[in-house]
Structure formats: C-alpha cells, structure tokens
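Here's the structure we're looking at; comments come further down.
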Amino acid sequence: MSEPYVSIIPDTDPILRAVSSPVTIPLNQEDQQLLQSLYRYVKDSHDEEKREQHGLKPAVGLAAIQTGVKKRMLAVCVEEEDEEGNQEVFALALANPKLLSHSEQKSYLKSGEGCLSVLDEHPGYALRHARIRISGYDLLTNKQVNLRLSGYHAIVLQHELDHLDGILFYDRIDKEDPYRQVADAIEIQ
Ligand code: NI
C-alpha cells in the first residue's frame, strides 16, 4: 500500500493567510516526509491515470501551508517539451526558500494563474518579477541551491513563495483594472 496523498485546504480557510515558519536543516524525518508528499502530489498530478484514481488536480506547485502545515517548504514540478520534442523537467522540493534578488521588469501569465486552493475564478494578470534569484535546501538533490529563474519557472516559484507568506495570486491582480498593462512587462503564454 502506498501512502495516501495530501489533502488540499481551500482559501476559504484562514490558515492559508498564515505566515509559515522556517524549518531546521538538515530536515527531520517528519519534515522530509511532508516535503516528499508535496512533491509526489505535484509530480503524480501530471499522470492522467493517477489523477483519476486518486482525485488529484493538475498542479505545477504546492506549498506546505496548503496542507495545513505552517512550514516554509514547497514543491514544484513543470514538465515541458523543448523545440526538438524532448521531455524536460523543472523540479524542486525546497525547504526555507528565499528570494535573494529580482529584476525590476515584471512578467505575468497571459492566461492568468491558478491554484489548488483557489476554487473561484479570479481573472486578470498577477504581476510577478520577470527574473529572480532564489536559494534554499533542495530535497531532490540533497543540496543547498542557488538558482536564477526566468519565464514560467520564475512565475511558478514566486506563486509558491507567496504561499509561505500567506499571499494568494489574486492579491497581485489589480482590483480596479485586472488586465492593467504595465510598461515593459513580459507576457508569458
Ligand atoms: Ni497556489
């Protein structure tokens, strides 16, 4: 028998607004298991059979707080094809991730963002930094990492980092003008 999947808490629960606390590195067993289970949900949610069998929702990222645990941990997994049709995977399972620096230039997803915890529609552009530098302990490689990210990867990471501070993507959408154009911002398909 495999472990059950984590359950996702919706944004109607105020815990989603909590600020999560750092964890101790090296991770204890409980934290390792939680971080692994976050990653497993995201990765397995790309598999149609597992989605149907276990009721998973397709995801590219998940933060510990979305399972009700106020710890600074998150997992991302983006599977995409390069121009030659080769499968590429961008995957991290981070503890204590930090945003070290960012560009002034902004970017946003043209189709808007989604979130496993957000069931209502929130149309509009969630403005992010176009390029970021982050650090953190990555459980997948068992290394302290220091990464420069841009494009879609940078957006996914910022969405998950926001969860650790109780911020949801629609907080970043202009209420008065959800599709407001920002000078120089990069639109990501
Ligand atoms: Ni989310």
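Here, residue 1 is the first one in the sequence, and each next residue gets the next number.
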(request) Could you tell me the separation between the CD atom of Gln158 and the CD1 atom of Ile134, rounded to the nearest 0.5 Å? (result) 10.0 Å
(message) Under a 3.5 Å threshold, yes or no: a donor from one side chain and an acceptor from the other, between His153 and Glu80?
(response) yes
(message) Please tell me whether Glu113 and His159 have a donor and an acceptor in their side chains that are separated by less than 3.5 angstrom.
(response) yes
(request) Indicate yes or no for a side-chain donor-acceptor contact from Asn96 to the backbone of Val23 under 3.5 Å, with no hydrogens or angles considered. (result) yes
(message) Using 0.5 Å steps for rounding, measure from the NZ atom of Lys50 to the OG atom of Ser45.
(response) 10.5 Å
(request) Look at atom NZ of Lys57 and say whether more than 12 heavy atoms of other residues, nucleotides or ligands are closer to it than 6.0 Å. (result) yes
(request) Answer yes or no: are there more than 12 heavy-atom neighbours, outside Glu81 itself, under 6.0 Å from its atom CD? (result) yes
(request) Using atom types as modelled and distance alone, determine if a side-chain donor or acceptor of His46 lies under 3.5 Å from a backbone N or O of Ala59. (result) yes
(message) Would the distance check show the side chain of Arg172 and the main-chain N or O of Leu127 forming a donor-acceptor pair, the cut-off being under 3.5 Å?
(response) no
(message) Looking at every heavy atom in both His129 and Ser103, which two are closest together, and how far apart are they?
(response) ND1-O, 3.7 Å
(message) Is the shortest side-chain heavy-atom distance between Thr67 and Ser7 below 4.5 Å?
(response) no
(message) Is it true that Tyr170 and Asp11 share a donor-acceptor pair across their side chains at a distance under 3.5 Å?
(response) yes
(message) Using every non-hydrogen atom in the two residues, find where Ser107 and Ala130 come nearest and quote the distance to one decimal.
(response) OG-CA, 3.7 Å
(message) Strictly distance-based, threshold 3.5 Å: is any side-chain N or O of Gln66 a donor or acceptor partner for the main-chain N or O of Ala63?
(response) yes
(request) Please check if atom CD in Gln87 has more than 12 non-hydrogen atoms from other residues, nucleotides or ligands closer than 6.0 Å. (result) yes
(request) Indicate if Leu116 and Leu35 have the same hydrophobic cluster label, given that clusters are the connected sets of ILVMFWY residues with side-chain heavy-atom separations under 4.5 angstrom. (result) yes
(message) Using side chain to side chain contact (heavy atoms under 4.5 Å, CB included), reason through Gln29 and Leu34 one step at a time and then give a plain yes or no.
(response) CA-CA 9 Å; Gln29 202 181 356; Leu34 174 60; over 6 Å; no
(request) Flag the pair Val60 / Cys77 as yes when at least one side-chain heavy-atom distance between them is below 4.5 Å, and no otherwise. (result) no
(request) Of all the heavy-atom pairs spanning Gly136 and Leu94, show the shortest one and how long it is. (result) C-CD2, 4.3 Å
(request) Identify the two heavy atoms, one from Ala95 and one from Leu27, that lie closest to each other, and give their separation to 0.1 Å. (result) CB-CD2, 3.9 Å
(request) Apply side chain to side chain contact (heavy atoms under 4.5 Å, CB included) to Phe169 and Arg128, showing your working. (result) CA-CA 10 Å; Phe169 75 86; Arg128 304 284 182 189; 3.7 Å; yes
(message) Test side chain to side chain contact (heavy atoms under 4.5 Å, CB included) on Tyr108 and Arg180; report intermediate values, then the result.
(response) CA-CA 11 Å; Tyr108 58 89; Arg180 184 168 65 97; over 6 Å; no
(request) May I ask you to check if Arg40 and Tyr5 form a cation-pi contact, with NZ or CZ under 6.0 angstrom from the six-membered ring centre and within 45° of the axis? (result) yes
(message) Side chains of Leu109 and Tyr152, heavy atoms from C-beta outward: is any pair under 4.5 Å?
(response) yes
(request) Verify the neighbour count for atom CD of Glu48: are there more than 12 heavy atoms of other residues, nucleotides or ligands below 6.0 Å? (result) no
(message) Please report the interatomic distance CE(Met73) to CD(Gln36), rounded to the nearest 0.5 Å.
(response) 10.5 Å
(request) Determine the minimum heavy-atom distance between Ile8 and Ser117, stating which atoms define it. (result) CG2-OG, 3.7 Å
(request) State, with a plain yes or no, whether a side-chain heavy atom of Arg148 is found less than 4.5 Å away from one of Ile132. (result) no
(request) Output yes when Arg17 and Asp171 qualify as a salt bridge under the 4.0 Å nitrogen-oxygen rule, no when they do not. (result) yes
(request) Evaluate side chain to side chain contact (heavy atoms under 4.5 Å, CB included) for Val89 paired with Val78, printing each intermediate quantity in order. (result) CA-CA 6 Å; Val89 182; Val78 178; over 6 Å; no
(message) Between Asn142 and Tyr137, do the side chains contain a donor N or O and an acceptor N or O under 3.5 Å apart?
(response) yes
(message) Let me check something: do Ile173 and Tyr125 share a hydrophobic cluster, defined by ILVMFWY side-chain heavy atoms less than 4.5 Å apart, either directly or through other members?
(response) no
(request) Verify the cluster assignment for Ile9 and Val69: are they in a single hydrophobic cluster under the rule of side-chain heavy atoms below 4.5 Å apart? (result) no
(message) Is there a path of hydrophobic side-chain contacts, each under 4.5 Å between heavy atoms, that joins Val156 and Leu147?
(response) yes
(request) First locate atom CG of Leu140, then atom NZ of Lys43, and finally report the distance between them rounded to the nearest 0.5 Å. (result) 10.0 Å
(message) Within the 4.5 Å heavy-atom criterion, are Leu161 and Leu74 side-chain neighbours or not?
(response) yes
(message) Rounded at 0.5 Å granularity, tell me how far NZ in Lys70 sits from OG in Ser20.
(response) 8.5 Å
(request) State yes or no: do Leu157 and Val19 share one hydrophobic cluster built from I, L, V, M, F, W and Y residues joined by side-chain heavy-atom distances below 4.5 Å, directly or via other members? (result) no
(message) Given 3.5 Å as the limit, does a donor-acceptor pair link the side chain of Arg133 with the main chain of Leu100, or not?
(response) no
(message) Between Asp165 (side chain only) and Ile167 (backbone N and O only), is there a donor and an acceptor less than 3.5 Å apart?
(response) no
(request) May I ask you to decide if Arg131's main-chain N or O and Gln105's side chain share a donor-acceptor pair within less than 3.5 Å? (result) no
(request) Grab the two heavy atoms, one from Pro123 and one from Pro178, that are nearest each other, plus how far apart they are. (result) O-CB, 3.6 Å
(message) Between Lys71 and Asp31, does any NZ, NE, NH1 or NH2 come within less than 4.0 Å of an OD or OE carboxylate oxygen?
(response) yes
(request) Answer yes or no: is there a donor N or O on one side and an acceptor on the other, between the side chain of Asp82 and the main chain of Asn86, under 3.5 Å? (result) yes
(request) Indicate yes or no for a side-chain donor-acceptor contact from Gln32 to the backbone of Asn28 under 3.5 Å, with no hydrogens or angles considered. (result) no
(request) To the nearest 0.5 angstrom, please state how far the CG atom of Leu168 sits from the CG atom of Asp162. (result) 8.0 Å
(message) Looking at Lys143, I'd like to know if its NZ atom is crowded, meaning that more than 12 non-hydrogen atoms belonging to other residues, nucleotides or ligands lie closer than 6.0 Å.
(response) no
(message) Which residue is it: Leu92, Asp138, Leu164? I am looking for the one with a side-chain contact (heavy atoms from CB on, under 4.5 Å) to Pro97.
(response) Leu164
(request) Kindly say whether Leu62 contributes a backbone atom to a donor-acceptor pair with the side chain of Tyr39 at under 3.5 angstrom? (result) no
